[in-house]
Amino acid sequence: MDHAAGPWWRTGVLYQIYPRSFADSNADGVGDLPGIVEHLDHLAWLGVDGIWLSPVTVSPNTDWGYDVSDFCAVAPELGTLDDFDLLVVEAGKRGIRVLMDIVPNHTSDQHPWFLDSRSSRSAAHRDWYLWAEGKEGGAPPNNWVSSFGGPGWTFDEQTGQYYFHNHLESQPDLNWWNEDVRDTFDGILRFWSDRGVAGFRIDVCNIIIKDAELRDNPAATEEDDFETQMYGQRSVYNANRPEVHEVIRRWRRLADGYDDPRLLIGETPVPVDSLALYYGHGQDELGLAFNFNFINAPLSAGAMRAIVEETEAALPPGAWPAWTGSNHDMFRFPTRWAEDDPRRVRLALLMLLSLRGTPVLYQGDEIGMANVTVAHADMRDPLGVRFYPYYEGRDAGRTPMQWSDAPGGGFTAAARPWLPLGDVAAANVAAQRDDPDSVLALCRRLIDFRRCHPAFSEGDYTTLPSPEGAWAWQRGERHVVALNMSAGEVAVESMEGTVRVCTDRAREREVVGGPLRLAPHEGFIIERA
Ligand code: NOJ
Ligand code: CA
C-alpha cells in the first residue's frame, strides 16, 4: 500500500449500516446482508469508501446483535457467511471496504462459553467471565452499576457467586485478564480479517478491562460530566482502566500485520484528553476514536469550535480525528442537532464533511432522516422497554432506511417492518436523487469535493476569525469553510474567492469580493483566488 498517501480511510468517508434496518431482501421485515448488496450502488454513487456494519454475528438479540452468541458465524435472520463473503466482494468491486463491529467486552449469556462458565466453579471457561463472592450478608461484591441501569452484579444460584455485566444481565462481561480470552479474540479478528474485512469498530473499547481487585467506584463529584460518571459514581474501576491500552496495542499489532493494515475504530465515550490516549504513542493503538464530546455538543458555533480546537490540540502528532453526528445509540443529528430545520441539517453535513479527519455518516444522514417516534407497543430497544416512560430507548434512530415513498418505504415488502417506518414522504432516497437541491445531492457534492481536493483530507485545520454565531476555518492553503450557525445574518471578513459548495446551491460559483454575507444557517466552502 502507498503509505506516503496515508491509509485509505484518511481520505475516505465511512458510513455506518445498521443491518436490520437497511434493506430487507426477503420480505420478513428485517434488513439483511443480501439487502445491503442490493443497495451498494447507492453507496458507490454517494461516494462512500467504507461501510461499518453493526453486528451481523449470531445473537439472541436481547440487545440487537450486541449480545453475541457466536463471533464467527452470521445471524441466520441476516444471511449466511456466503452472503457476507459476497458482500465483501461486491463492495470491493465498487471501491467500498467492509468493517465489522466487534464486541469484546461481553458475550450473550447464551454463548457456549458462558453456559460452560456458569455450569460449575471448576468449568473450563469459569475464569473467562468475572465471577465473585458476595459480601457478608449476601450483598454484591462491590458497588459497580450497569450502564443500562441497576446493579452490575447478578447472583447465579447454581454456583452461588455473582457475575458482572456492564450492560444487561444477558450480557456477562468477559475477563480480559484471562490469556485465553485474549488469544481467542486474536483468532476472531483474524477470522474476519482473513475474509477480507478492512477493519473493526470496537464496541465500548474503553471499558473492557476491570480493576483486578474489584475495588468500589468512588462517588461522582460536581466536576464529573456524563462521560465520567455513571449513576452517581465515577467509573474508575469498572471502566477506563489504563490496562486496556495494552489490549488495544495487541490488536493494533495484529491489524498492522496485514499487507493492507486493518483499521481499528474505537467506541470511546470519554473526555477529549482521555480520547487522545486511545490513539497511543506513535500510532500504536486506534486508527480512529469516536468523539462523543462532539456528538453530544449542541450545534452552535461556540460549542463545536471549542471541541474541535480542543481535539486538534489534544491528539498526538499524526493522529486522525473522526467526526460523527448520528449512530444507532445517539439518535439522528437532523433531529438532535438541527431540530429538523432543513437549513441546519445541511449546515451540519457541510461541517462534518469539511473538518480534518474521517467523517462517519450513519445510514439516513445523507437524506437528513429525522428521528422517528416509536410507540411504546412497538419498542424494540431493551432500554426503551425497561425505562419507558422516563426514557424511550434508542429506537427513534434505528427505524428502517427510507428508500422511497412506496409502501414499506422501499425497505421491505413485508406488511410490518421490525420497527415502524418514519415519514417516507418527508425524506427518501428516490425523491432526493432526482432533485439537485436535495440534502442528498448536497451530501454527494460534499463527498465528491472532498475526494477531489486533497486539502480536505490531508490539509491542516486552522480556525479563522469570525463574528459570534459563525465559525470559519481554513483547510490547507486555499480552502476556507464558513458556517453561520446562528438564526441571524452574519458577515465574515476576508473570504475573497469562489464559492465551491454551499448549503444553498444557487450560490455555488458566486465570486466573493469582500466580506461574505451568510444568511441564517448558511454554510460555504470557498476556494481562495
Ligand atoms: C455500544 C453499542 O453501540 C450499543 O448499541 C450496545 O447496546 C452497547 N455498546 C453494549 O454492547
Ligand atoms: Ca430480511
Undergrad: With heavy-atom distances below 4.5 Å as the criterion, would you say the side chains of Q432 and V439 are in contact?
TA: yes
Undergrad: Does E527 offer a backbone N or O that forms a donor-acceptor pair with the side chain of R478 under 3.5 Å?
TA: no
Undergrad: Check step by step if ring-ring contact (aromatic ring centres under 6.0 Å, His included) holds for W403 and F22.
TA: CA-CA 9 Å; W403 294 105; F22 193 62; 5.1 Å; yes
Undergrad: Under 3.5 Å, is there a donor-acceptor pair between the side chain of D67 and the main chain of T62?
TA: yes
Undergrad: Can you list the residues that meet the side chain to side chain donor-acceptor pair (under 3.5 Å) rule with S486, with sequence neighbours excluded?
TA: N484
Undergrad: Does a side chain donor of either Q16 or S54 reach within less than 3.5 Å of an acceptor in the other side chain?
TA: yes
Undergrad: For side-chain contact (heavy atoms from CB on, under 4.5 Å), just list the numbers for S326 and W337, CA-CA rounded to whole Å, side-chain angles, deciding distance to a tenth of an Å, and then say yes or no.
TA: CA-CA 9 Å; S326 318; W337 273 348; over 6 Å; no
Undergrad: When you compare the side chain of I96 with that of Y15, does any pair of heavy atoms fall below 4.5 Å?
TA: no
Undergrad: Between H328 and Y66, is the gap from one ring center to the other below 6.0 Å?
TA: yes
Undergrad: Could you go through residues 276-283 and list every donor-acceptor pair under 3.5 Å that involves a side-chain atom there, pairing it with any protein atom two or more places apart or in another chain?
TA:
residue	atom	partner	partner atom	Å
Y279	OH	A289	N	3.2
Y279	OH	W320	O	2.8
Q283	NE2	G318	O	3.0

Undergrad: In terms of the angle between their ring planes, are F456 and H453 parallel, tilted or perpendicular, with boundaries placed at 30° and 60°?
TA: perpendicular
Undergrad: Looking at residues at least two apart in the chain, or sitting in another chain, which of them share a side chain to side chain contact (heavy atoms under 4.5 Å, CB included) with A255?
TA: R262, L264
Undergrad: Measure from the side-chain N and O atoms of R346 to the backbone N and O of T503, and report whether any donor-acceptor pair falls under 3.5 Å.
TA: yes
Undergrad: Would the distance check show the side chain of E366 and the main-chain N or O of G368 forming a donor-acceptor pair, the cut-off being under 3.5 Å?
TA: no
Undergrad: Could you name each residue pair satisfying side chain to side chain donor-acceptor pair (under 3.5 Å) that touches residues 287-301, not counting sequence neighbours?
TA: N291-N293, N291-T311
Undergrad: Which class fits the ring pair F148 and H167: parallel under 30°, tilted 30 to 60°, perpendicular over 60°?
TA: perpendicular
Undergrad: Going by side chain to side chain contact (heavy atoms under 4.5 Å, CB included), name the residues that satisfy it together with A306, two or more places apart in sequence or in a different chain.
TA: none
Undergrad: Is a donor on one side and an acceptor on the other found under 3.5 Å between the side chain of Y461 and the backbone of V308?
TA: no
Undergrad: Please identify each residue that fulfils side chain to side chain contact (heavy atoms under 4.5 Å, CB included) with D49, with sequence neighbours left out.
TA: W8, V13, R451
Undergrad: Do side-chain atoms of N206 reach the backbone of T268 as a donor and acceptor pair under 3.5 angstrom?
TA: no
Undergrad: Between W144 and F164, how do the two ring planes meet: parallel, tilted or perpendicular, split at 30° and 60°?
TA: perpendicular
